[in-house]
Amino acid sequence: MELIKIYKGNVISARELHKFLGVKSHYKDWINNRVKRYKFVEERDFFKVAKILAGSQKGFDHMLTMTMAKELCMVENNDLG
């Protein structure tokens with residue numbers, strides 16, 4: 001049973017993880033706070049990807065390594081994490 005999709009290259013969408021974990025804060029705030037607080041490094045722990053959001057609004061997703069995704073689940077400190 002797959003709880004969250006694992007993409008080719010063993011990466012996870014941070015937007016999908018954010019939704020799955022039921023995080024109440026906005027995605028942009030959540031990911032930026034987590035990256036800063038836990039000192040994740042772009043292009044080592046995650047990769048930024050341009051994305052078209054609802055209403056053709058431009059935004060970003062972050063493709064997370066399995067290690068970073070696991071750590072984010074643990075620090076979320078809820079049953080889903």
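Residues passing the side-chain contact (heavy atoms from CB on, under 4.5 Å) test with Asp61 are Ser13, Ala14, Arg15, Tyr27, Lys51, Met63, sequence neighbours excluded.
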Please tabulate, one pair per line, all N/O donor-acceptor pairs under 3.5 Å involving side-chain atoms of residues 16-23, not counting sequence neighbours.
{"unit_1": "Glu16", "atom_1": "OE1", "unit_2": "Tyr7", "atom_2": "OH", "d": "3.4"}
{"unit_1": "Glu16", "atom_1": "OE2", "unit_2": "Tyr7", "atom_2": "OH", "d": "2.4"}
{"unit_1": "His18", "atom_1": "NE2", "unit_2": "Ser25", "atom_2": "O", "d": "2.8"}

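When every heavy atom of Met68 is checked against every heavy atom of Val35, the shortest pair comes out as CE-CG2, 4.0 Å.
Screening Trp30, Phe46, Phe47, Phe40 for a ring pair (Phe, Tyr, Trp, His ring centres under 6.0 Å) with His62, the sole residue that qualifies is Phe46.
Contacts classified as salt bridge (charged side-chain N to carboxylate O under 4.0 Å, His left out) and involving residues 28-41 (residues at least two apart or in different chains) are given here: Arg34-Glu76.
Heavy atoms of other residues, nucleotides or ligands lying less than 6.0 angstrom from CD of Glu43 number 12 at most.
The shortest side-chain heavy-atom distance between Leu64 and Val11 does not fall under the 4.5 Å cut-off.
In the hydrophobic clustering of this structure, Ile12 groups with Val75; members are Ile, Leu, Val, Met, Phe, Trp, Tyr whose side-chain heavy atoms approach within less than 4.5 Å, directly or through other members.
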Show your working on side chain to side chain contact (heavy atoms under 4.5 Å, CB included) between Ile52 and Gln57 and close with a plain yes or no.
CA-CA 6 Å; Ile52 303 297; Gln57 181 181 358; over 6 Å; no
